[in-house]
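Lettering of chains follows the sequences in order, A, B, ..., and the numbering in each one begins at 1. None of the values given here were measured: they were computed from a predicted structure. Hydrogens, waters and symmetry mates play no part in the numbers below; they use all other heavy atoms, side chains included.
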There are 2 protein chains.
Amino acid sequence: MNEQRVNKPTISDLAKAAGVSVTTVSHAFSGRRHVDPETAKRIQALADQMGYHPSSMARALRSGRTGVIALASSMPFAVAAGPSRLGFLMEIAASAAMSALTRDLALCLIPPHPAAQGKGSVGFDGVILVEPMRDDPLVAYFEQRKTPIVSIGTVPDRPDIPAVNIRSRETAALLLDHLAQQGCHRVAALIGSAPRTSQIESAAAYEAFVTRFGGSSLLVRMGEEEAEDTAYQETLQLLRANPSIDGIFAAIDAFASGAMRAAQELGWTVPDRLRLVTRYDGVRAKLSQPPLTAVDLHLPAIAEKAVHLLLDQIEGSSRMIEADLPELIVRRSSQRRS
Amino acid sequence: MNEQRVNKPTISDLAKAAGVSVTTVSHAFSGRRHVDPETAKRIQALADQMGYHPSSMARALRSGRTGVIALASSMPFAVAAGPSRLGFLMEIAASAAMSALTRDLALCLIPPHPAAQGKGSVGFDGVILVEPMRDDPLVAYFEQRKTPIVSIGTVPDRPDIPAVNIRSRETAALLLDHLAQQGCHRVAALIGSAPRTSQIESAAAYEAFVTRFGGSSLLVRMGEEEAEDTAYQETLQLLRANPSIDGIFAAIDAFASGAMRAAQELGWTVPDRLRLVTRYDGVRAKLSQPPLTAVDLHLPAIAEKAVHLLLDQIEGSSRMIEADLPELIVRRSSQRRS
DNA sequence: CTGCTTATGCAAATCGTTTTGCTACCACGC
DNA sequence: GCGTGGTAGCAAAACGATTTGCATAAGCAG
């Protein structure tokens with residue numbers, strides 16, 4: 001009992017070794033109360049020597065914070081693992097992980113695994129939801145567990161949930177205006193059918209664009225699964241039925257890839273016969289042939305804001321944050337003279 | 001003190017409500033000891049009604065397990081955040097997160113942030129290292145903290161650290177043999193200079209290939225930062241200096257992208273004039289024009305094995321796991337007749 | 001009735017911190 | 001001698017679960 005285990009030294013081991021009480025050691029580390037600099041130095045040295053690290057679990061229990069936040073998307077990773085939206089989610093994940101770590105938090109990836117429903121043995125201090133849908137079960141789940149939530153992209157119909165507005169309306173407007181400027185007269189839109197704010201606002205921006213510039217609306221809504229193939233099929237139909245189309249706005253980059261394939265198959269050259277633009281400037285946009293005009297959404301900044309907001313949320317205050325304005329990145333796929 | 005807080009109900013709240021002791025409640029949940037089915041049912045119902053969830057922190061403290069494992073790569077995310085190896089790492093991350101969750105573990109992403117050196121307030125039960133380098137500081141760090149380690153791709157010079165062998169030698173051999181079969185006589189190799197097993201074994205496989213088929217070695221080693229541009233530059237030089245080259249083996253997909261650009265700029269058509277293959281079958285390989293012949297490394301399976309192995313490791317036993325054999329995916333970039 | 005087993009439940013110790021009172025002790029001015 | 005203030009440090013009570021050892025009761029054979 002009073003032997004030292006092979007295991008990690010505890011605070012009381014350290015206290016004993018230093019000849020002080022555990023309280024003093026604790027204060028020496030946290031600085032919550034003054035301890036004699038001499039003593040503090042001795043404790044520090046001894047701690048290093050013994051390889052003492054305060055137990056995160058004990059600290060968590062006492063403080064009520066695990067120091068872990070979660071990143072969750074309602075889009076099954078299995079779907080995202082096709083190259084579809086993996087890039088988008090993971091770019092956020094990587095940035096959020098960095099932001100979290102600089103605040104001494106760890107970031108957990110939690111896939112919406114069916115088996116994980118009831119379980120989830122780990123407690124999170126908060127969760128960042130990526131582009132949740134209307135009535136997203138993840139929202140319900142975390143609200144029931146009273147876990148603070150921050151959303152990247154507002155939660156449709158839930159203005160009460162703090163979110164980082166990723167400005168999907170502005171993004172869509174940017175792209176559509178660009179197409180108009182490039183001389184497009186008949187622009188179609190490929191938009192996801194899931195009720196996420198980005199898709200809802202993209203659709204709204206498109207409708208506004210159509211009524212402003214005249215012409216009938218050519219909006220195709222489609223599911224996110226098998227996004228590229230679906231978009232391929234739909235675009236084939238769309239272009240055949242509407243030979244006057246000269247521009248396409250794809251609200252998801254995988255849609256753009258599919259549309260590009262369809263256009264090429266029909267012999268519509270991009271950008272001469274058809275201009276094609278998409279929102280997310282990921283690998284797809286960059287590597288496409290020709291490269292796709294897209295929008296820099298400032299994802300790392302958005303992730304950083306989300307972490308920041310979540311921390312506020314955990315500590316009580318709540319508010320909404322606007323992301324930086326998105327910026328257009330013009331590439332060949334939409335330019336007047338190739 | 002005896003009032004119920006606005007906060008989460010504890011086990012003793014529940015026990016009081018059910019009219020039993022905390023012990024009984026605990027047993028009812030864990031099943032470590034028999035409790036009357038009647039009582040158990042009542043407790044369950046009450047728990048659901050009150051929204052009781054056992055505190056993960058208390059459980060962690062008692063059991064010594066946080067239920068959190070980490071995924072770390074020594075490749076700065078900042079580098080990976082260019083589209084370079086993001087795909088590779090993140091595909092593993094997504095899969096590992098799923099595997100972890102099915103075992104009731106959470107997976108944390110930990111970027112090698114400079115500021116995170118001394119800190120890291122969260123305790124991990126174990127860590128999965130992705131393709132660590134020789135003398136990787138991450139290895140030293142976690143060894144010092146006595147955190148169980150499992151590596152994806154063996155740690156060079158550290159056969160004692162349990163790892164999932166991702167069979168880089170076989171992967172390289174597969175690709176090189178394919179090139180030979182396609183009629184290549186003079187194959188060059190683009191290989192990363194970081195001392196990771198994948199690169200070391202790729203180089204070895206290449207040298208073996210060269211000595212077997214004759215001809216001189218054309219191996220270019222280059223850094224991982226700015227991978228695509230570096231490869232572009234190096235390939236330009238390489239092709240100009242060696243017009244007889246008819247095949248390139250790129251050990252990193254970003255290298256392949258750069259090489260492709262260089263070839264196209266020099267007017268070497270792929271695959272007619274030059275056949276190009278790479279290891280990782282990610283977005284780059286699939287979206288490249290022409291698409292790249294690559295290898296299915298079975299990353300999800302590898303991630304799953306890593307999690308499994310780590311769990312063994314945490315519980316004591318230790319061993320090495322072989323990944324499934326990699327499989328060639330032939331695409332246009334390397335085929336004899338386009 | 002005694003002795004033995006099985007079913008059920010409880011009280012208390014434990015995990016490693018943080019935090020709250022409280023006690024010395026010293027020095028100073030009156 | 002005595003209050004007053006400041007400094008250093010300690011003991012003990014949380015935090016919320018799990019687990020061990022013990023207690024009670026019932027069932028049953030002898």
Report the distance from atom CG of B:Leu14 to atom C1' of D:dA17, rounded to the nearest whole Å. 12 Å

Need one value for B:Thr10: base, sugar-phosphate or nothing, where a base atom within 4.0 Å counts as base even if backbone is also close, heavy atoms only. sugar-phosphate

Looking at residues 37-45 of chain B, who's got a heavy atom less than 4.0 Å off DNA chain D? none

Partners passing side chain to side chain donor-acceptor pair (under 3.5 Å) against A:Thr24 (at least two apart in sequence or in another chain): A:Ser21

Whole angstrom value for the distance that separates C1' of D:dA13 from CZ of A:Arg62: 8 Å

Separation of C:dT18 P from B:Leu61 CG (nearest whole Å): 12 Å

If the condition is side chain to side chain contact (heavy atoms under 4.5 Å, CB included), which residues does A:Ala301 pass it with, not counting sequence neighbours? A:His298, A:Asp324

Applying side chain to side chain donor-acceptor pair (under 3.5 Å), can you list everything that pairs with B:Arg32, at least two apart in sequence or on another chain? none

Applying side chain to side chain donor-acceptor pair (under 3.5 Å) to A:Ser151 and not counting sequence neighbours gives none

Taking side chain to side chain donor-acceptor pair (under 3.5 Å) as the definition, give me every residue that meets it alongside B:Ser30, ordered by chain and number, with sequence neighbours left out. none

Taking five pairs at each end of the helix from C:dC1-D:dG30 to C:dC30-D:dG1, what angle separates the two helix axes (nearest 10°)? 60°

Rounded off to whole Å, could you give me the CD1-to-C1' distance for the A:Ile11 and C:dT17 pair? 6 Å

Candidate nucleotides C:dT17, D:dA8, D:dC15, ranked by approach to the side chain of A:Asp36 - the nearest: D:dA8

Checking D:dC15, C:dG9, D:dA8 against the side chain of B:Ser21 (C-beta onward), the nearest is C:dG9

Taking all non-hydrogen atoms of both residues, which atom of B:Ile166 and which atom of B:Gly153 are closest, and how far apart? CG2-N, 3.9 Å

Applying side chain to side chain contact (heavy atoms under 4.5 Å, CB included), can you list everything that pairs with B:Asp36, at least two apart in sequence or on another chain? B:Glu38, B:Thr39

Residues passing the side chain to side chain contact (heavy atoms under 4.5 Å, CB included) test with A:Arg158, sequence neighbours excluded, are A:Val139, A:Glu143, A:Val155, A:Asp160, A:Ile161

Heavy atom of residues 23-33 of chain B under 4.0 Å from DNA chain D: which residues? B:Thr23, B:Ser26, B:His27, B:Arg32, B:Arg33

Indicate whether OP1 or OP2 belonging to C:dT8 is found under 4.0 Å from a side-chain N or O atom of B:His34. yes

Tell me every residue that passes ring-ring contact (aromatic ring centres under 6.0 Å, His included) with A:Phe142, counting only those two or more places apart in sequence or in another chain. none

Could you name each residue pair satisfying ring pair (Phe, Tyr, Trp, His ring centres under 6.0 Å) that touches residues 10-38 of chain A, not counting sequence neighbours? A:Phe29-A:Tyr52

Which nucleotide in D:dA17, C:dG16, C:dA12 has an atom nearest any side-chain atom of B:Ser55: D:dA17

